[in-house]
Amino acid sequence: MTAQEVRLCGLLLQEHFGDVVEKVGTHLLRNGAQHLRAIVQETGTPMDLVKKSLCVLIQHGACAFSSGRKGPGSPVEYQASFERILRILRYPRYIYTAKTLYGDTGELIIEELLQRGHMTMSSTVKTVADRLTLNMEEGHSMEYSEVSNTFSKLVETHFLQRCPPVEVAGKAVSATPDPATTPGAPANNTTPSTPESFADCYKVPHVTLIGRGKRRNSSEDGEDQRNAKRAKEDPETHGDEGIYWQVNFERFHLHFRDQAIISAVANKLDQTSSEIVRTMLRMSEVTTPPIATCTQALSANEIFRSLPPNYNISRPILDQYLTLLVDDPMEFVGKSGDSGGGMYVVNLHRALANLARATLESVVQERFGSRSARIFRLLLRKRHLEQKQVEDFAMIPAKEAKDMLYTLLSENLVQLQEIPKTPDHAPSRTFYLYTVNQLPTARMLLQNCFKTVANLIERRLFETKESKRLLEKSQRIEAILASLQASGAEPEQLTEVEEMITPPEKQQLESLRHHINKLDSAENQVDETIFLLESYIKAMKRL
Amino acid sequence: VTEIRIYSFMIKELCQQFPQGITDQVIQNDMPHLEPQQRAMAINKLLSLGQLDLLRNSAGLLYRMKDTQTASKMKGSDNQEKLVYQIIEDAGNKGIWSREIRFKSNLPLTEINKILKNLESKKLIKAVKSVAASKKKVYMLYNLQPDRSVTGGAWYSDQDFESEFVEVLNQQCFKFLQSKAEAARDSKQSPMVQRNSSFATSHEVWKYICELGISKVDLSMDDIETILNTLIYDGKVEMTVIAAKEGTVGSVDGQMKLYRGVNAIIQPTGLVKVPCGLCPVFDDCHEGGEISPSNCIYMAEWLDF
């Protein structure tokens, strides 16, 4: 848990859940697993607020509890998960992906689930149907069954999964876990049970949901409140009580990874090759475990049959494309056998390593120039080189090459390895070799990314704070305008109110909006880099 | 004393009989009555007159008739100069450094410098600046071409690395390979044929560059290959090696190198689209400090862009 990571998590928690949750969350992140009383004492927040914050964090899966380390009977300990909190950064990408794959319905389902953390299927369906109905024309409304369909599709492709059921306090200590009958998390083992370890993870429950979305007009605001209160006491059951669903982030990550690989192939080779790779990845979506080095072997015959119908390329041409993919130095695709017309696999880890390497090279290029990038790539290829060799291979004059190498060294992108010729490491009789280690460099860049995102968020908050007065004024004016319009005022009154904002203030507001948008989109862009580097580091760790 | 002169004469005759040189043994066989001491004196006299060359081979010392032309050149010089000259001659076209001359001849530095200046004025030797260490001067015979390792070959002209020349060559090679790849892609043939036609051998590139005529110096295929390697390190080109029949144009040791222009596999990554990714004072920036996200001037400029 580096300082940068804690800072970033703190900012994210504050933005999404408020100050109290942020305090509790950062405290847990910094100090590891702690029990309730310790949290209360050390953060100085009252007990009930701490409890509420922990509830919020657990609801979103950011905090897990387990029995104390000092043995059974000791108080329960809570541990915050830094990775889960970081995912908040990636919410826009998840929602956008759901939109492209499953349309507006899918987008809203994912959005609701991300906002609420855990929800039952029935409540999700109802809420989404209501929201969709709101945006449709008068007289139309959304069928519950349509939404349920999309929900089931999402579950089938594993984008949604059931939350692992939690053990009840009393039973935990005594009962021996029996996964077949009572899917309860075993209390005594220390390994955290993943959602996938439960058999019914992806089973859609039989839910009786008949009805349509309810339209809520703006004049029914008061009724909305009453409805919300009533919904809590609504005794209507739909047969899926206690079954909560959450978004399966890992599945989204696999999807992003596949997308990155496909676009890399498209850039390097051509569109058809990328389509072939897309087909191969789609076929092995659910059969390949997430940590696999390469996908399952697919025969050329299968690939040929599964190609999208509008890509009618003949079989020999497909074979040629596959051969080209295998021969490519990037080694995206490998050949694992000759049966069935040739067995091909997609080398996932190799592709991730290549993507990470390209990321590192691009950072060096943008930051230090193309000559330094040349030196960097040269060192990546040749592993260890002396000063003189670097100059010769890169064809850069000695003075400039030296300068660039020292700059890269000071930024820790390049390391120096000493090989002494004599036992007394005399500098004149030692070899000094420059080298680049991809994995540690990737880790360092990842930390830089975290710091960058934290900087962007802080800048955004700062900009908002600076113009707070202006924003409040514009909000007030908008409210006045809206109420005037609703009560049917004359145009002169409206223009009079509008002119209360002077043109320079309008400009300021405009530029403020522009800044905030830019900062927001920049956060998303840096998150893409974070994703690539994180996937690479995780893949390397499992080796 | 006159005997010494007669003996020298006889030894000289012997040398002329055996132009490849004679050993002590040969002299002794020819003149068995000559004592070693007198023989030594006679030989020394010839050496000092500059008419005999003293060489050493595995068997022992060898005396050889000196070339009269060079003998005349050296006439004004004394023994030390001759020694230095010999050392420089031995160094061939790589030249020799003045300190090494000192080691080999065991003469004091001042003497060496005087001799070197003398020889240079007589136009017998010349100084060539080495490209590796610009202050170092190596000496070699006047009429010799300095070796490539000293001058740096085609990339150096007068000890300066020709960066613009290298850059121009770099761009030209890349353009050639890129247009070849594009032509292959537009030809819309089967993918295998497309890829193979987008390759160019190093020989083809070399011919193209020679015909372009942008180089005043003759470039060899190896030179072109070093340029193409820099393109590989730029990430713009990839290389494969294929086996080729001996005798096909451009093949070296039964294989040929093929080069092909390629595109990058990703767009510039997200981190560099933000000022922080390129910021020179990134490590000094933290909230509440002098440099912080709130008052960052780079960010302010970037936001207003």
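Computed from heavy atoms alone, side chains included, the values below leave out hydrogens, waters and symmetry copies. All values derive from a computational prediction rather than experimental measurement. Labels below follow one simple rule: chain letters A, B, ... track the order of the sequence lines, proteins then strands, and each chain is numbered from 1.
For chain B, the nearby part of Thr323(A) is the side chain; its heavy atoms alone come within less than 4.5 Å. When heavy atoms are compared at a cutoff of 4.5 Å, Glu463(A) approaches chain B solely by way of its side chain, counted from C-beta outward. Both the backbone and the side chain of Ala300(B) come within contact range of chain A, judged by heavy atoms closer than 4.5 Å. Using a 4.5 Å cut-off between heavy atoms, Lys465(A) makes no contact with chain B at all. With a threshold of 4.5 angstrom between heavy atoms, Asp234(B) approaches chain A through its backbone and through its side chain. For Asp304(B), the parts lying under 4.5 angstrom from a heavy atom of chain A are both the backbone and the side chain. Of the atoms belonging to Ala358(A), heavy atoms from both backbone and side chain fall under 4.5 Å from chain B. Only the backbone of Ser370(A) comes within less than 4.5 Å of a heavy atom of chain B; no side-chain atom from C-beta onward does. For Glu528(A), no part sits under 4.5 Å from any heavy atom of chain B, backbone or side chain. Heavy atoms of Leu324(A) lying under 4.5 Å from chain B belong exclusively to its side chain. Residue Cys279(B) touches chain A through its backbone alone, counting heavy-atom pairs closer than 4.5 Å.
Separation of atoms OH (Tyr536(A)) and CG (Leu532(A)) is listed at 12.0 Å; rounding is to 0.5 Å. Atom-to-atom distance recorded for Glu204(B):CD and Leu258(B):CG is 8.5 Å, nearest 0.5 angstrom. A distance of 7.5 Å separates CG in Leu231(B) from CZ in Arg374(A), rounded to the nearest 0.5 Å.
Side chains of Arg377(A) and Gln365(A): a donor on one and an acceptor on the other come within 3.5 Å. Residues Thr226(B) and Asp223(B) bring no donor and acceptor atom of their side chains to less than 3.5 Å of each other. With 3.5 Å as the limit, one finds a donor-acceptor pair spanning the side chains of Ser198(B) and Arg260(B). When only modelled atom types and interatomic distance are considered, Arg7(A) and Asn455(A) share a side-chain donor-acceptor pair under 3.5 Å. The closest side-chain donor-acceptor pair between Thr529(A) and Thr269(B) falls under 3.5 angstrom. A donor-acceptor contact closer than 3.5 angstrom links the side chains of Gln447(A) and Thr2(A).
Counting heavy-atom pairs closer than 4.5 Å to chain B, the top-ranked of the candidates Leu378(A), Asn354(A), Leu445(A), Leu269(A) is Leu378(A). Here Leu271(B) is the residue among Leu271(B), Asn295(B), Asn263(B) with the most heavy-atom pairs under 4.5 Å with chain A. Highest contact tally toward chain B, considering only Glu361(A), Lys268(A), Arg460(A), Glu458(A), is held by Glu458(A) [criterion: heavy-atom pairs under 4.5 Å]. Chosen from Lys518(A), Glu411(A), Gln525(A), the residue pairing most often with chain B at heavy-atom distances under 4.5 Å is Lys518(A). With chain B as partner, the option from Phe368(A), Phe462(A), Phe376(A) having the largest number of non-hydrogen pairs under 4.5 angstrom is Phe462(A). Chain A forms the most heavy-atom pairs under 4.5 Å with one residue out of Ser292(B), Gly235(B), Pro280(B), and that residue is Gly235(B). Of the listed residues (Pro275(B), Gly270(B), Ser294(B)), the greatest number of heavy-atom pairs within a distance under 4.5 Å of chain A belongs to Ser294(B).
Residue Val262(B) forms a side chain to side chain contact (heavy atoms under 4.5 Å, CB included) with just one option from Lys236(B), Gln178(B), Glu238(B), and that option is Glu238(B).
With contacts defined as side-chain heavy-atom distances shorter than 4.5 Å, the pair Ser202(B)/Tyr259(B) qualifies.
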